[in-house]
Amino acid sequence: MDTQTPYAERVQEIKETMAAAARAADRDPAEVTLVAVSKYQPIEAIAAVHAAGQTHFGENYIQEALDKQDQCDISPIQWHFIGHLQRNKAKFVPGRFDLVHTVDSVRLAQMLDKKAAEAGVVQAILLQVSLAGEEQKAGLAPEALEETLDTVGQLPHLQLQGFMTMPPYFNDPERVRPLFCRLRELRDEAQNQLGRELPHLSMGMSGDFEVAIAEGATLVRVGTRIFGPRPQKSL
Ligand SMILES: *Cc1c(COP(=O)(O)O)cnc(C)c1O
């Protein structure tokens, strides 16, 4: 079978670029995981990217993600939830996603904890942090982190693994570098506060993942550079 689909070439090229960025920063390439962002992409595209050796996929919309999970029997596969999560959708998450990147309030965390308890699972999460002030609506303000950590760090059915950010500028990676750097500093402070490791930093997308890796990213979320342009509407 010919596995050299355009997807296979792109995944290979991105993984090589990621590894080079890690080595340039004196990091082990194995520390950085590629999450293929498959929102709006059909299952056939996910299957083709999976056939290229890619097992982590990120989705933004709960219903679309659950439908895709139900329709595709691809394994092994790890699903990441990377979209805005409304509290009334929290019940759909535990047990269905390996990692939720986008917990952006104490109230959402408490709801997820409750739903994870009901499902009998511990849900791995990241806190989404907003680093660009007014321009960036989604995410916790850095000033809110200390208090948030006090609460979220205690929730028994959530396992906090780190931070995520989504900067507002996409065109100039050098403009986002200070934000990536800041996220790592905030993570380091949070580790001190909690007295334990927070291993993950989810930062970097198609246009800026190399800079993100230089600044410590462990999860990069890449969509268009793998799949090409997104179809306009949800499936
Ligand atoms: C869509 C999306 C991505 C991927 O963006 P690309 O520019 O296509 O790589 C990454 N993270 C989040 C949160 C997204 O919504």
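Ligands are counted one by one from 1 in listed order, and the atoms in each one are counted from 1 as well. In this chain, residues are counted from 1 in sequence order. The basis for the numbers below is simple: all heavy atoms, side chains too, and nothing from hydrogens, waters or symmetry mates. Being a predicted model, the structure only gives us computed values, none of them experimental.
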Met164-ligand 1 polar pair, N/O distance under 3.5 Å: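 No - when backbone and side-chain N and O of Met164 are compared with those of ligand 1, no distance drops under 3.5 Å.
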
Short N or O distance, Ser206 and ligand 1, threshold 3.5 Å exclusive: yes

Closer than 4.0 Å to some heavy atom of [X] - which atoms of ligand 1 meet that?
X      : answer
Arg221 : 4 (C), 9 (O), 10 (C), 11 (N), 12 (C), 13 (C)
Val222 : 9 (O)
Ile82  : 11 (N), 12 (C), 13 (C), 14 (C)
Asn60  : 14 (C), 15 (O)

Partner residues of His56 under the ring pair (Phe, Tyr, Trp, His ring centres under 6.0 Å) criterion, sequence neighbours left out: His80

Is [Y] paired with [X] through a side-chain N to carboxylate O contact shorter than 4.0 Å?
X      : Y      : value
Lys91  : Glu118 : no
Lys39  : Glu64  : no
Asp172 : Arg177 : no

Any idea which part of [X] is under 4.0 Å from ligand 1, heavy-atom wise: side chain, backbone, both or neither?
X      : value
Met166 : side chain
Arg230 : side chain
Val37  : side chain
His101 : neither

Criterion side-chain hydrogen bond (donor to acceptor under 3.5 Å, both in side chains) against Ser202, the qualifying member of His101, Gln161, Gln128: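 So, applying the side-chain hydrogen bond (donor to acceptor under 3.5 Å, both in side chains) to Ser202 and each of His101, Gln161, Gln128, only His101 qualifies.
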
Any residue meeting salt bridge (Lys or Arg N to Asp or Glu O under 4.0 Å) with Glu189, in chain and number order, not counting sequence neighbours: none

Single hit among Leu126, Leu112, Val152, Leu140 for side chain to side chain contact (heavy atoms under 4.5 Å, CB included) with Val103: Leu112

The single option from His157, Gln123, Lys114 passing side chain to side chain contact (heavy atoms under 4.5 Å, CB included) against Pro94: Gln123

Sub-4.0 Å heavy-atom contact, Lys39 with ligand 1: yes

